[in-house]
Amino acid sequence: MKHFTACFLILFISVFIQAQKLESPDKNLTLSFLLNEKGEAYYRLKYKNKDVVKSSKLGFLISSPTSFAESFKITNTQFSSSDTSWNPVLGEQKTIRDNHNEMLISLQQAKTGYQLNIRFRLFNDGLGFRYEFPIQKDLRHFRIDEELSEFNLAQNCKAFWIPADYDTNEFRITTSRISEISSLIETARDEPLAAKAPSKNLAVQTPLMLKADNGLYINIHEAALVDYPAMHLNVDDKNYKLSTHLTPNKNGEKAYIQTQMNTPWRTIVVSDDARDILASKLILNLNDPSKIEDTSWIKPTKYIGVWWEYFTGGGSTWAYSDNQDIIIGETDYTRLKPNQHHGANTQHVKEYIDFAAENGFDAILVEGWNEGWEDNWAYGKEKIYSFTKAYPDFNVEELQAYAKAKGIKIIMHHETTSSAADYERQLDDAFSFMNKYGYTAVKTGYVGPIIPRSEYHDGQWMVNHYNFVAQKAAQYKIMVNSHEAVRPTGRSRTYPNWIAQESARGTEFESFNGNNPDHTTILPFTRLMGGPMDYTPGIFQGDLSVYGKNKARLSTTLVKQLALYVTLYSPLQMAADLPENYKKHMDAFQFIKDVAADWDNTYILEAEPGDYITIARKAKNKNEWFVGGITDENERTATINLSFLPKGRNFEAIIYEDGKNADWKTSTIDYKINKQKVSSATILKKRLAPSGGIGISIKEIK
Ligand code: NOJ
Ligand code: CA
């Protein structure tokens with residue numbers, strides 16, 4: 001036995017010949033950087049002495065051509081610390097603390113002389129590391145064929161995952177052990193989505209949420225994705241090893257690099273309390289501060305829209321005509337036969353503006369206002385839409401004047417059907433048009449396969465495109481809400497006008513083949529780790545058969561829809577249902593009218609991925625608090641401790657609860673509303689129906 005131990009030690013020492021250590025400010029996290037005898041680089045992360053990731057490889061395959069992953073030696077190590085605070089323009093809290101310890105390792109590859117730096121930042125809630133390619137003599141322009149970063153898990157964790165796909169992130173989320181992914185991935189991929197490019201590898205997308213049997217919650221994602229492809233994770237389901245799989249273009253190429261370039265940060269958020277994962281600001285902290293100086297025009301926005309009616313099957317359409325023989329720029333729309341059920345017509349839009357104004361909304365979204373929708377979803381055409389020409393029955397000037405008089409903004413819509421190249425050509429004209437007519441926000445869309453045809457939604461070219469659009473929009477003081485774009489990575493800190501994204505399965509799917517009842521209990525742990533989501537909640541009429549052909553049923557109770565305004569953070573929030581449905585339930589609608597979209601503070605009260613979430617938030621600059629609680633398909637009792645309220649003061653709570661018979665399967669519109677006096681000493685115990693929720697608004701009583 002003694003002999004065995006000695007051998008083991010010798011082996012260990014000879015494997016890792018050089019090591020450096022870094023601790024988090026609270027000392028709960030320890031990062032080790034290691035070089036073995038072949039000069040291969042590894043890192044290891046522990047939380048309270050438990051393995052988060054075991055020794056995991058670092059490096060690249062680059063096409064100079066060479067392996068840029070061995071014969072490294074450390075040429076320099078620099079340590080530093082930082083403890084600062086900053087205020088996001090819009091956010092879940094007024095002030096964000098950035099407290100971390102940093103270690104910068106400079107490496108040189110002996111066989112080539114090439115240099116590579118790796119910067120590690122350790123926060124109390126996790127790790128970020130990135131590669132930096134400094135300017136150097138022998139390496140200037142090169143291609144990355146693969147990044148080799150690994151996340152070598154200590155156990156067969158429970159994972160909340162969607163399959164790797166270069167073109168979409170609109171899958172249902174599957175919950176399984178790592179070892180079960182291979183048997184489930186084909187079913188998970190089997191979704192009718194507009195553009196799909198599944199990875200051939202056994203691989204999943206980030207943000208990936210994991211729960212280990214040793215009680216650790218681990219989230220893997222990336223921060224500051226700029227000029228680089230999005231990262232997927234290969235799954236070695238025998239050894240529980242995850243490794244980077246960068247999105248390629250259709251030639252299989254990954255990233256074209258010029259030195260003096262930094263990769264995105266690879267992030268691992270970790271805690272033994274699931275609530276800390278939701279509270280983490282690590283990804284935002286790893287992004288650059290705002291590049292926009294005057295941010296006064298960036299505003300939290302609650303909106304309704306000419307939108308859900310296109311999904312209910314009630315008959316209205318984005319297209320003005322049913323005639324398919326449209327050639328953009330050449331067709332005289334005034335001579336086309338209108339189909340008589342075009343949604344974005346002046347009269348109808350005015351009705352929406354009236355409803356928005358009567359109920360205190362900031363804006364209305366109008367989809368289908370512009371030329372080009374006739375042959376949409378016939379993917380592959382380069383020139384599809386005009387972003388400056390309205391259909392003849394949509395009077396831009398008249399509607400802007402009408403909206404302005406009522407204090408309402410109209411949100412522009414740019415569906416590109418993924419003809420990103422043509423969108424870039426039109427961008428200046430489109431944004432000038434918006435400035436001219438007073439539009440201050442745009443919803444962009446990338447349905448279908450990308451043009452240029454060599455590209456995917458998550459590749460380097462498109463990453464540059466989305467960033468370019470946000471940057472360009474900032475020059476025109478325009479806020480951007482991108483749909484079908486690559487998953488967010490905290491870029492909204494740097495471009496706060498990039499106010500929200502969809503980039504996951506949103507409410508629209510409730511009208512196709514549905515969302516799972518646990519969907520929104522997972523999203524904050526996955527998709528929302530990178531930034532706010534335009535999920536578009538607020539559907540009251542859960543039975544879509546009332547509109548005719550559509551047989552779909554909502555996967556939640558009405559009250560859970562209310563709760564989502566608090567549990568799914570976004571400074572851009574839609575009330576997605578038709579005004580006629582809100583008019584039938586004005587008492588419940590009051591919660592949506594009241595709820596804030598920008599916050600002074602956030603309190604994660606209860607959370608378990610896949611099961612439940614209860615969050616309280618204080619409205620920005622107001623003495624108003626809102627609580628949202630949701631559950632999966634199982635009913636549960638939420639414990640809502642109001643100790644976040646200021647002590648010694650009295651408040652009135654309006655409580656929106658599931659009714660006795662509420663159930664997502666049978667009876668979604670069963671709710672009750674009560675008022676109750678509360679204080680910071682109050683602890684509420686409330687029953688949530690199967691896929692139900694609770695919404696509470698709280699105001700001080702003077
Ligand atoms: C998909 C978007 O997610 C949805 O909101 C939009 O209405 C359609 N594309 C059409 O642009
Ligand atoms: Ca979508």
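Nothing fancy with the numbering, it's 1 onward along the sequence.
- Residue W297 holds its CH2 atom at 4.0 Å from CG of N497, rounded to the nearest 0.5 Å.
- A centroid separation of 6.0 Å or more is found between the aromatic rings of F68 and F142.
- The aromatic rings of H245 and Y166 lie tilted to each other, with the angle between the two planes from 30° to 60°.
- The minimum heavy-atom distance linking M529 with V269 is given by the pair CE-CG2, 4.1 Å.
- More than 12 heavy atoms of other residues, nucleotides or ligands sit less than 6.0 Å from atom NZ of K111.
- Close placement of the H465 and Y446 rings is indicated, their centers lying within 6.0 Å of each other.
- Note: K158 NZ to I178 CD1 = 12.5 Å, rounded to the nearest 0.5 Å.
- Using a 4.0 Å cut-off between charged side-chain N and carboxylate O, D51 and R44 make no salt bridge.
- The two atoms that bring L122 and S24 nearest to each other are CD2-N, 3.5 Å, heavy atoms only.
- Aromatic pair Y256/H141: ring centres not closer than 6.0 Å.
- Smallest separation of non-hydrogen atoms from T30 and K21: CG2-CE, 3.8 Å.
- Checked by atom type and distance alone, the side chain of N515 pairs as donor or acceptor with a backbone atom of G506 at under 3.5 Å.
- No side-chain N or O of Q471 forms a donor-acceptor pair with one of N467 less than 3.5 Å apart.
- Summarising the geometry of S55 relative to L34, their closest heavy-atom pair is OG-CD1, 3.9 Å, with the distance given to 0.1 Å.
- T520 and I613 make their closest contact through O-CD1, 4.1 Å (heavy atoms, listed as atom of the first residue, atom of the second, distance).
- Taking the ring centroids of F133 and F60, they lie under the 6.0 Å cut-off.
- Paired with D598 under the rule side-chain contact (heavy atoms from CB on, under 4.5 Å), one option of P88, P300, S570 passes, and it is P300.
- In terms of heavy atoms, I220 sits closest to L242 at CD1-CD1, 3.8 Å.
- For K254 and D145, the salt-bridge test fails: no basic side-chain N is under 4.0 Å from an acidic carboxylate O.
- Annotation for Q258: atom CD counts as buried by contact number, over 12 foreign heavy atoms lying within 6.0 Å.
- Using a distance-only test at 3.5 Å, with no hydrogens or angles considered, no donor-acceptor pair links the side chain of S280 to the main chain of D125.
- We find the OH-CG distance between Y569 and L528 to be 10.0 Å, quoted to the nearest 0.5 Å.
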Residues E424, K472; criterion salt bridge (charged side-chain N to carboxylate O under 4.0 Å, His left out); working and verdict
CA-CA 10 Å; E424 287 186 11; K472 189 59 120 183; over 6 Å; no
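- Distance OG/S243 to CD/E146: 7.5 Å, rounded to 0.5 Å.
- No donor-acceptor distance shorter than 3.5 angstrom exists from the side chain of N251 to the backbone of E253, with no hydrogens or angles considered.
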Run R97 and D83 through side chain to side chain contact (heavy atoms under 4.5 Å, CB included) and show every step you take.
CA-CA 7 Å; R97 184 173 176 196; D83 189 0; 2.8 Å; yes
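- Separating the CZ atom in F79 from the CD atom in Q20 is a distance of 4.5 Å, to the nearest 0.5 Å.
- Residues that satisfy the ring pair (Phe, Tyr, Trp, His ring centres under 6.0 Å) test with F525, not counting sequence neighbours, are absent from this structure.
- T301 places a side-chain N or O within donor-acceptor distance of the main-chain N or O of K299, the cut-off being under 3.5 Å.
- With hydrogens and angles ignored, the 3.5 Å screen pairs a side-chain donor or acceptor of T244 with a backbone N or O of S149.
- Side-chain N/O atoms of D237 and S179 include no donor and acceptor closer than 3.5 Å.
- Using a distance-only test at 3.5 Å, with no hydrogens or angles considered, a donor-acceptor pair links the side chain of Q136 to the main chain of Q115.
- Remark: side-chain polar atoms of T494 are not paired, donor with acceptor, to backbone N or O of N287 under 3.5 angstrom.
- Counted by atom type alone, H100 and D98 present one or more donor-acceptor pairs between their side chains at under 3.5 Å.
- Only one option out of F72, Y42, F33 pairs with L58 in a side-chain contact (heavy atoms from CB on, under 4.5 Å); it is F33.
- In this structure, R527 contributes its side chain and E502 its backbone to a donor-acceptor pair below 3.5 Å.
- Between Y43 and F151, the ring planes lie perpendicular to each other; the angle is over 60°, past the 30° to 60° tilted range.
- At a threshold of 4.5 Å between non-hydrogen side-chain atoms, the residues N249 and E455 count as touching.
- Between atom CG of residue D288 and atom CZ of residue R491 there is a gap of 7.5 Å, rounded to the nearest 0.5 Å.
- For the residue pair D534/Q501, the side-chain donor-acceptor check at 3.5 Å is not satisfied.
- Within 6.0 Å of CZ on R140 lie no more than 12 heavy atoms contributed by other residues, nucleotides or ligands.
- A salt bridge between R266 and E222 is present, with a side-chain N of the basic residue lying under 4.0 Å from a carboxylate O of the acidic one.
- Between the side chain of N101 and the backbone N or O of E23, at least one donor-acceptor pair lies under 3.5 Å.
- No donor-acceptor pair closer than 3.5 Å links the side chain of S419 to the backbone N or O of I451.
- Side-chain atoms of D458 and T247 form no donor-acceptor pair, as typed in the model, at a separation below 3.5 Å.
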